[in-house]
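Only one structure is covered here, and it is reproduced in the block below.
Position 1 is the first residue of the sequence; numbering continues from there. As the structure is a prediction and not an experimental result, all values here were calculated from the model.
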Amino acid sequence: MATKTKQTRKRTMILIVAIVITALVTMSITALLINIMQRQTEAGDSFTKVVELDENTVDPAEWGKNFPIQYEAMKRTSEMVPTTYAGSTKVEHTPTDTDPRTFVSSSRVEEDPRLKEMWAGYAFAVDYRHARGHEYMLDDQRYTLRVTEFNQPGTCLNCHASTVKLMDDLGDGDMNAGFDKMNLMDYDEVTKLVDHPISCIDCHDPDTMELRITRPAFINGIRALKASEGVEDFDVNRDATHQEMRTYVCAQCHVEYYFKGEERTLTFPWAKGIHIDDIWDYYQEDGHVDWVHEKTGADVLKAQHPEFDIWSNGVHADNGVSCADCHMPYERDGAKKVSNHHLQSPLLMVNSSCMTCHHSTEEEMKDRVVGIQDQFVQTRDQTFDSLVQLISALETAIDEGTATDEQIEAARQFQNKASFYLDYVYSENSYGFHAPAYIQTILADSLDASRKGMLVLQGVDVSTLEPSEVSVENAKAAQERGN
């Protein structure tokens with residue numbers, strides 16, 4: 001009888017344990033399924049609509065009510081965190097009636113007096129500072145001496161303010177008409193019509209949140225570039241892929257450009273191609289000149305900030321890596337994949353920017369990047385010194401009459417090319433990283449132009465300075481290979 005009771009108890013305990021285990025397993029599976037369903041629902045919900053957005057919603061804070069993660073990251077563009085070469089140092093500034101800023105970034109022209117020689121007679125020689133974050137792009141344009149002490153066109157506002165609604169209002173619903181009208185206005189007049197720097201609406205459709213291009217200059221420029229490549233009637237908002245748009249929205253501003261004609265139309269010089277030699281040829285045919293050099297009398301071109309142009313000739317572009325992949329990398333927020341809107345140097349977020357593709361340590365990646373930048377700075381400085389020496393020699397030849405008019409004019413033309421090619425990579429903000437090999441060839445061409453200018457002033461016949469047959473053949477072969 002006792003044995004039978006023990007067996008019954010044992011079977012009861014086993015049954016109870018089995019029930020408990022089954023219950024625990026069932027609860028675990030149920031919790032897992034609920035979690036999966038929650039994550040799927042979370043991932044499926046692109047955002048929670050708190051406010052209605054439309055083409056009149058310019059203030060990013062309103063967009064931030066629907067997209068708080070992106071908005072909070074964007075607000076961090078107010079931070080000033082330098083890297084080894086890029087970035088800016090915070091400098092205290094006493095507010096004045098014409099400049100209410102309490103701090104600014106450090107001055108490039110004070111750090112490197114060679115810039116004043118290269119740009120003598122041009123507004124950039126008066127005031128050129130390291131860029132602060134996107135948060136400050138409008139204020140820093142409004143209060144730079146290049147604007148307060150020089151008359152500038154409304155065209156300048158294209159890349160420093162949210163202009164979607166402005167162009168729509170000026171054009172009575174016609175963006176292109178509004179763009180043309182804005183360009184014709186004086187900067188002092190048109191800047192009073194805007195309140196925000198580049199905002200969400202400048203890159204996103206308020207209805208679908210899809211990326212879009214809102215700047216007519218880029219729409220026209222990329223169409224001309226695609227036409228030069230054999231692609232006719234390219235409509236960027238219709239034909240570009242999402243991955244391409246993750247670069248194109250940045251390229252609305254981070255490009256080489258000029259103000260064309262009396263209409264002062266913002267124009268990207270890509271009709272012949274986006275290689276610097278194509279751009280140089282374009283300007284030579286167009287006849288555009290930015291200013292006359294104060295010391296030498298040379299007609300000179302001013303390069304802008306051609307990040308997209310140079311990136312387009314580099315290895316990352318060749319492999320389909322977009323601007324946003326490195327400067328706005330995807331990050332996880334629960335089950336959502338969110339693009340980081342902090343907009344900063346990849347060197348400040350190597351793990352999320354670089355390590356998704358490169359299998360290395362963070363320290364090794366930083367060392368690789370800084371090594372490329374070190375090489376760039378060394379070559380750039382040699383090139384810069386040569387240009388300044390040419391300017392000095394040309395000024396002396398003019399003052400002392402030691403060269404003929406033909407020699408002076410030839411040297412001026414070499415100065416223009418040397419200056420533009422150097423300025424092109426100096427004003428590009430990657431310090432040589434976006435396309436290292438390509439940038440080295442640009443610096444070599446600038447150095448060569450300065451060398452030829454010096455030789456002409458020493459009496460060498462300019463006709464003897466043409467490239468050798470071997471050089472021509474090598475260049476032709478490289479061009480045929482697409483390099």
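In this structure, a donor-acceptor pair under 3.5 Å is present between the side chains of Tyr85 and Asp374. Side chains of Asp423 and Ser419: a donor-acceptor N/O pair is absent below 3.5 angstrom, by distance only. Looking at Asp325 and Ser322, their side chains do bring a donor and an acceptor atom within 3.5 Å of each other. There is a side-chain donor-acceptor pair under 3.5 Å between Asp54 and Thr57. Between the side chains of Arg264 and Thr155, no donor-acceptor pair is found at a separation under 3.5 Å. No hydrogens or angles considered: a donor-acceptor pair under 3.5 Å links the side chains of Gln440 and Thr379.
Atom CG in Leu157 sits 8.5 Å away from atom CG in Leu193 (nearest 0.5 Å). Rounding to the nearest 0.5 Å places CD of Gln304 at 7.0 Å from OG of Ser427. Note that the NE2 atom of His275 and the OG atom of Ser228 stand 13.0 Å from one another [nearest 0.5 Å]. Here Glu189 contributes atom CD and Lys192 contributes atom NZ; the two are 8.0 Å apart, rounded to the nearest 0.5 Å. Atoms CG and OG, from Asp381 and Ser386 in turn, are 10.5 Å apart once rounded to the nearest 0.5 Å. Here the straight-line distance linking atom CE of Met182 with atom CG of Asn158 works out to 3.5 Å at 0.5 Å rounding.
For Arg108 and Glu111, the salt-bridge test fails: no basic side-chain N is under 4.0 Å from an acidic carboxylate O. Using a cutoff of 4.0 Å between basic side-chain nitrogens and carboxylate oxygens, Asp445 and Lys417 are not scored as salt-bridged. Remark: Asp448 engages Lys452 in a salt bridge, criterion side-chain N to carboxylate O under 4.0 Å.
His204 and Trp63 have tilted rings, their planes meeting at an angle from 30° to 60° on a 0 to 90° scale. Taking the six-membered ring where the residue is Trp, Tyr248 and Phe308 present perpendicular rings, their angle passing 60° and hence far from 30°.
Under the 6.0 Å cut-off for aromatic ring centres, Tyr283 and Trp280 do not qualify, their centroids lying 6.0 Å or more apart.
Between Phe384 and Leu115, some side-chain heavy-atom pair lies under the 4.5 Å cut-off. Using a 4.5 Å cut-off on side-chain heavy atoms (C-beta onward), Val126 and Phe150 make contact. Side-chain contact between Leu53 and Asn66 is present, with heavy atoms from C-beta onward closer than 4.5 Å. Pro206 is listed as a side-chain neighbour of Arg212, based on a closest heavy-atom distance under 4.5 Å. Side-chain contact check for Tyr330 versus Thr356: every heavy-atom pair is 4.5 Å or farther apart. When side chains are defined from C-beta on, Leu390 counts as touching Leu457, because their heavy atoms get closer than 4.5 Å. Here the side chains of Leu138 and Thr191 are in contact, with some heavy-atom distance below 4.5 Å. Put simply, the side chain of Phe268 does not reach to within 4.5 Å of the side chain of Leu225, judged on heavy atoms.
By the 6.0 Å contact criterion, NZ on Lys75 is open, its count of non-hydrogen atoms from other residues, nucleotides or ligands being 12 or less. Annotation for Asn151: atom CG does not count as buried by contact number, only 12 or fewer foreign heavy atoms lying within 6.0 Å.
Judged purely by atom type and a 3.5 angstrom limit, Arg132 has no side-chain atom pairing as donor or acceptor with the backbone of Met80. For the pair His341 (side chain) and Ser339 (backbone), a donor-acceptor distance under 3.5 Å is present. When atom types are taken as modelled, the side chain of Asn313 and the backbone of Asp309 share a donor-acceptor pair closer than 3.5 angstrom. Trp270 contributes no side-chain N or O that, together with a main-chain N or O of Lys226, makes up a donor-acceptor pair within less than 3.5 Å. Between the side chain of Thr144 and the main chain of Asp140, no donor-acceptor pair closer than 3.5 Å is present. Counting only distance, with no hydrogens or angles, the side chain of Asn183 and the backbone of Phe179 share a donor-acceptor pair below 3.5 Å. Using a distance-only test at 3.5 Å, with no hydrogens or angles considered, a donor-acceptor pair links the side chain of Thr83 to the main chain of Ala86. Distance alone, capped at 3.5 Å, is enough to place a donor-acceptor pair between the Asp59 side chain and the Ala61 backbone. Under the 3.5 Å distance criterion, the side-chain polar atoms of Glu256 are left unmatched by any main-chain donor or acceptor of Pro269. Judged purely by atom type and a 3.5 angstrom limit, Ser105 has no side-chain atom pairing as donor or acceptor with the backbone of Ala131.
For the side-chain contact (heavy atoms from CB on, under 4.5 Å) with Leu394, the lone residue among His293, Lys295, Gln415 that qualifies is Gln415. Each of His254, His434, His327 was compared with Glu307 under the side-chain hydrogen bond (donor to acceptor under 3.5 Å, both in side chains) criterion, and only His254 meets it.
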Decide side chain to side chain contact (heavy atoms under 4.5 Å, CB included) for Tyr136 and Phe103; before the verdict, give the C-alpha distance in whole Å, the side-chain angles of both, and the deciding distance to 0.1 Å. CA-CA 11 Å; Tyr136 305 108; Phe103 69 92; 3.4 Å; yes
Passes side chain to side chain contact (heavy atoms under 4.5 Å, CB included), Gln141 versus Tyr187? Steps please. CA-CA 10 Å; Gln141 183 182 60; Tyr187 182 85; 2.9 Å; yes
Asp235 vs Asp233, test: side chain to side chain contact (heavy atoms under 4.5 Å, CB included). Steps then yes/no. CA-CA 6 Å; Asp235 183 329; Asp233 190 32; 5.7 Å; no
Go through Glu79 and His342 one step at a time and tell me if the side chain to side chain contact (heavy atoms under 4.5 Å, CB included) criterion holds. CA-CA 9 Å; Glu79 299 173 0; His342 189 176; 3.4 Å; yes
Checking salt bridge (charged side-chain N to carboxylate O under 4.0 Å, His left out) for the pair Glu263/Lys260: CA distance, chi angles, key distance, verdict? CA-CA 7 Å; Glu263 296 81 10; Lys260 186 177 181 65; over 6 Å; no
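Between Ile408 and Ala403, the closest heavy-atom pair is CD1-CB, 3.8 Å. Taking each heavy atom of Cys326 and Pro346 in turn, the nearest pair found is O-CG, 3.5 Å. Minimum heavy-atom separation, Cys159 to Met137: O-SD, 3.7 Å. Taking each heavy atom of Ile201 and Val58 in turn, the nearest pair found is CG2-CA, 4.5 Å. Residues Ser162 and Ser199 come closest through the heavy atom pair OG-CB, 3.9 Å. What you find for Ile398 and Thr296 is that their closest heavy atoms are CD1-O, 3.3 Å.
Note that Lys302 lies in the cation-pi zone of Phe124, set by a 6.0 Å cut-off to the ring centre and a 45° limit from the axis. Cation-pi check for Lys272 over Tyr282 is not met; the charged atom does not lie both under 6.0 angstrom from the ring centroid and within 45 degrees of its normal. In this structure, Arg380 is not positioned above the aromatic face of Tyr431 in the sense of NZ or CZ being under 6.0 Å from the six-membered ring centre and within 45° of the axis. Tyr143 does not carry Arg129 over the face of its six-membered ring by the limits of under 6.0 Å from the centre and within 45° of the normal.
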